[in-house]
Structures are given as C-alpha cells and as structure tokens.
J.: 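Below you'll find the structure I mean.
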Amino acid sequence: MKIDELILHTVSMPLVAPFTTSFGTQTVRTALILELHATAADGAPLVGWAECVADEHPLYSGEFLPAAKIVIIDHLLPRLRDVEVTAETVGHLLRVVVGHRMAKAAVEMAVLDAQLRGQGVSLGSYFGAVVDRVPSGVSVGIQPTTEQLLDVVGGYLDQGYVRIKLKIEPGRDIERVRAVRERFGDDVLLQVDANAAYTLVDAPLLRRLDEFNLLLIEQPLGEEDLRQHAALARQMSTPMCLDESITSAEAAAAAIALGAAAVINIKAGRVGGYLEARRIHDLARANGIAVWCGGMVETGVGRAANAALAALPGFTLPGDISGSDRFYTKDLTEPFVMQDGYIQVPTGPGLGVEPLPDALAEFSIDTTPVVI
Ligand SMILES: CSCC[C@@H](NC(=O)CCC(=O)O)C(=O)O
Ligand SMILES: [Mg+2]
C-alpha cells in the first residue's frame, strides 16, 4: 500500500475510578488514536486504525504521548512517503529511528489493520489464533485501605474475573496480599505487579510473598535490572515475570537466558508492535516460558488487538484484558463485555472494531491530519 494520510486523534477519556500504581495515580486516559488512509496496489482505498499506548507522562516507560506524536509526524511518516508499505516491512523501514517503540508499534498497527481490512482477514486469523475467546484477568490498583481493597477485589470476583492482579508498592504489599488470601481463599488466581518499585535490598521482604501461592510476581525491580531479577528469582519460589524490561525479542532472549523471567507479560506497544509481540510469544514458547497479554488501559481499539494476540497458543495465563467497563463508562468502540470470565476475540476484518464516530468526537481533544 501507499500511505496517503494519517490522522492523529488525541482522546481524553475519564476513568471510572482512579487507578493507582507504584508510580502514581491516573484518573484520565489520554491516548493517541491513529486513523490511516492508504491506497492498495490495485488502487483500492484502505483505512486502518491503531492505538498508541504511550501514557501522557513518562512514568511507566521513557515514552510519553507528546513525544510519540512528534516522532510519528516528524520521523516515522517521512520515511514512509512514496514507498510501498506492508505490515511485514514497515518495522524494517522504520528501524533507523532509535527507540520510540510505542510510536512505531502504533504506525505498524495502523498499516496492519488497513492491510487486513483490505484482504477481509481478521487479526486473530492473521496471528494464528487457536481460540475464539480469551480468559479475562483484571488489574487492581493500590487502594487507600485494606478494606477498600477487599471490597474492590470482591466486586471483580463477583463480576467473574478469572484472575486478580494486585498492584503493590513498599508499605502496601505483604499485608494487602495476605488480607486478600484470607478473605477470598487459596483458589483465587492471584498475582502482584510492583512496576519496578523495589530493589534487590528488598529481597527478604519480597520472599515473604512466597507464602501466598501467587501465580507470579511482576517486575519487582527496575527496567534495566535483568541480572538483579535473576538473582531475586533464585531466592523466591514465586515465578518471576517481567513487563517493563522486555522491550524486544532480544531482551526476552536475554531475560530467559539469564533466568530473569519464568513468565513474560507481552505488550505489543512496549516491544515495538504486534509482529514483535508474536516473535516474543514464539521465542518464549520454544523456551517453555509462559506468556500472557498485558494491558495499558487501552480503549476498545487496542483491546481488540490484545484479544486477538492473546488467542495464540502460548498465552497460557489470563491477561489484563478486562471488559471496557473496568476503566471506562463509555468506550471509544462498541464495549468489550466480559462473559463468564472471557472476552470474545473479534472476528471481523482487521481489528474487527473501529471507533464510534460520536465517541471519537466526544473524547477528542485534538485532531492532527498529516498528509504524507
Ligand atoms: C497505568 S498502568 C499501565 C501498566 C500496567 N498495566 C496494568 O496494570 C493493566 C492495565 C489494563 O488492564 O489495561 C502494568 O504495569 O502492567
Ligand atoms: Mg506491569
């Protein structure tokens, strides 16, 4: 295809409740939605959609939305002018730009969606999905009190979520997890995510999590700390899972070789795109490493792609693929509704969903068309 225009929609969507992690509290999701217009080799018009998962502030990773927008407009799109682009080659065309994986992932996702819509092929089929629905886990933010945490967890369990992930941070960790275990029992699938809030000095404290039979502990240490995660993993029985540290298939290979990851949280945006995400899935599977699909509080646009990715055979643990109402009163697309603990994988061409015009208009705070 030849790219003709990319429209960058910046949307601001209020969250149903504050979402607190070890790096701050989010009450609104500001996201970049890409609308790609291209021309297929046979002259047919193509449209593709994508979501850039870079947060408004560089707190989860070094990327953030304003920078992603600049990189897309000033450094990525100029490299795609007047060249034949396919989903499988766009990453190669953009390789010269260092980093900015979330920005690159969004551009690749838009090209992939346009290509598949033009071919009438669903994203799940393209990936090699082996199931038509995926188990729905939920990420629970840090709550002001233990009682409030128990109320929130109880509510999600009542809704049918099959796995609970608790955000933790120093001072809100051991006792919170203990309270959840004591209230809801040992059978609840339970894991924790520290978002890099600890250091290896905290090993004696983190080892106390081993008594709770957790599925995994996610990213307790810093993004750069592969060796330290491996040292911590040797001291704990809880499987070590990495998120922020896994920025590419090479990083995944290093983490696996070092024993820093027994489980990997795969997020397409973090690793530069859904094709790299599938490569990491394949690598992990070949090494006997379980993977699951992480979330970045996506709207239905990104949620659709995550559901398709999570339908691959190596995604053996429930992902952070919740119903739209976990975060939004009104989603950008038709809402994803969890049913019996599962989310259906869209079956339409490409993503199988697209932003609803009224929702896009309601939540847009900026629209920047870029003619290539
Ligand atoms: C604002 S926190 C985003 C990153 C976080 N994501 C989640 O906790 C899941 C969010 C979701 O369900 O989309 C993670 O570190 O895994
Ligand atoms: Mg995480």
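One-based numbering, in listed order, for ligands and for the atoms of each.
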J.: Got a salt bridge between E175 and R208, using NZ or NE/NH1/NH2 to carboxylate O under 4.0 Å?
T.: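 Yes.
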J.: If the threshold is 4.0 Å, N to carboxylate O, is there a salt bridge linking K267 and D320?
T.: no
J.: Considering the heavy atoms of K267, write down every atom of ligand 1 situated less than 4.0 Å from one of them.
T.: 4 (C), 5 (C), 6 (N), 14 (C), 15 (O), 16 (O)
J.: Treating R163 as the side-chain partner and P318 as the backbone partner, does any N or O pair qualify as donor plus acceptor under 3.5 Å?
T.: yes
J.: For side-chain contact (heavy atoms from CB on, under 4.5 Å), just list the numbers for E354 and R117, CA-CA rounded to whole Å, side-chain angles, deciding distance to a tenth of an Å, and then say yes or no.
T.: CA-CA 11 Å; E354 58 189 30; R117 285 180 196 270; 3.5 Å; yes
J.: Check this for me, if you would: do E169 and R176 make a salt bridge, where the nitrogen-to-carboxylate-oxygen distance has to be below 4.0 angstrom?
T.: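 No, this pair does not count.
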J.: Say whether V297, considering both its backbone and side-chain N or O atoms, lies within less than 3.5 Å of an N or O atom on ligand 1.
T.: yes
J.: Does ligand 1 have any atom sitting under 4.0 Å from a heavy atom of R326?
T.: no
J.: Going by an N to O cut-off under 4.0 Å, is there a salt bridge joining K104 and E276?
T.: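 No, K104 and E276 are not salt-bridged.
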J.: Should the pair E211-R178 be classified as a salt bridge under the 4.0 Å nitrogen-to-oxygen rule?
T.: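 Salt bridge between E211 and R178, a charged N being under 4.0 Å from a carboxylate O: yes.
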J.: Would one find an N, O or S atom of D193, in either backbone or side chain, under 2.8 Å from the Mg ion (ligand 2)?
T.: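 Yes, since at least one N, O or S atom of D193 sits under 2.8 Å from the Mg ion (ligand 2).
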J.: Do side-chain atoms of E63 reach the backbone of R101 as a donor and acceptor pair under 3.5 angstrom?
T.: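 Such a contact is found between E63 side chain and R101 backbone.
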J.: Quick check: of its N, O or S atoms, which one does E218 have closest to the Mg ion (ligand 2)?
T.: OE2
J.: For D193, is at least one N or O under 3.5 Å away from an N or O on ligand 1?
T.: yes
J.: Which atoms of ligand 1 sit under 4.0 Å from any heavy atom of D320?
T.: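 Selected atoms, number and element: 7 (C), 9 (C), 12 (O).
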J.: Using the six-membered ring wherever Trp is involved, compare the ring planes of F315 and H281 and label them parallel, tilted or perpendicular (cut-offs 30° and 60°).
T.: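 Geometry flag for H281 against F315: parallel rings.
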J.: Identify, for atom 8 (O) of ligand 1, the protein heavy atom at the shortest distance, and state residue, atom and that distance.
T.: S139 OG, 2.8 Å
J.: Atom 15 (O) of ligand 1: which protein heavy atom is closest, and how many Å away?
T.: N195 ND2, 2.7 Å
J.: Is there a polar contact between ligand 1 and G295, counting only N or O atoms under 3.5 Å apart?
T.: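 G295 vs ligand 1: N/O contact under 3.5 Å present.
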J.: Just distances here: any N/O of K167 and N/O of ligand 1 closer than 3.5 Å?
T.: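 Among all N and O atoms of K167, at least one is under 3.5 Å from an N or O of ligand 1.
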J.: Can you list the ligand 1 atoms lying under 4.0 Å from a non-hydrogen atom of F327?
T.: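 Matching atoms, with element in brackets: 10 (C), 11 (C), 12 (O), 13 (O).
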J.: Looking at ligand 1, is there an atom of it that comes within less than 4.0 Å of some heavy atom belonging to Q219?
T.: no
J.: Just jot down the ligand 1 atoms closer than 4.0 angstrom to any heavy atom of Q26, in number order.
T.: 1 (C)
J.: Atom 3 (C) of ligand 1: which of E218, M296, E298 has the nearest heavy atom?
T.: M296
J.: Only N/O/S atoms count here: what is the atom of D243 closest to the Mg ion (ligand 2) called?
T.: OD2
J.: Below a 4.0 angstrom heavy-atom separation, can you tell me which part of V138, side chain or backbone, both or neither, approaches ligand 1?
T.: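 The answer is neither.
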J.: Look at atom 16 (O) of ligand 1 and say which protein heavy atom is nearest, naming residue and atom and giving the distance to 0.1 Å.
T.: K165 NZ, 2.8 Å
J.: Taking N or O atoms only and a 3.5 Å limit, does D243 qualify as a polar contact for ligand 1?
T.: yes
J.: Is it the case that R181 places NZ or CZ above or below the six-membered ring of F212, under 6.0 angstrom from the centre and within 45 degrees of the axis?
T.: no
J.: Do me a favour and list the nearest non-hydrogen protein atom to atom 2 (S) of ligand 1 with residue, atom name and distance?
T.: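 Nearest protein contact, heavy atoms only, for atom 2 (S) of ligand 1 is F19 CE2, 3.7 Å.
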J.: Is it possible for you to say whether V353 and V134 belong to one hydrophobic cluster, with membership spreading through side-chain heavy-atom contacts below 4.5 Å?
T.: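 As far as the 4.5 Å side-chain criterion goes, V134 and V353 are connected within one cluster.
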J.: Using a strict 4.0 Å threshold on nitrogen-to-oxygen distance, state whether E362 and K330 make a salt bridge.
T.: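 Between K330 and E362 there is a salt bridge, with a charged N closer than 4.0 Å to a carboxylate O.
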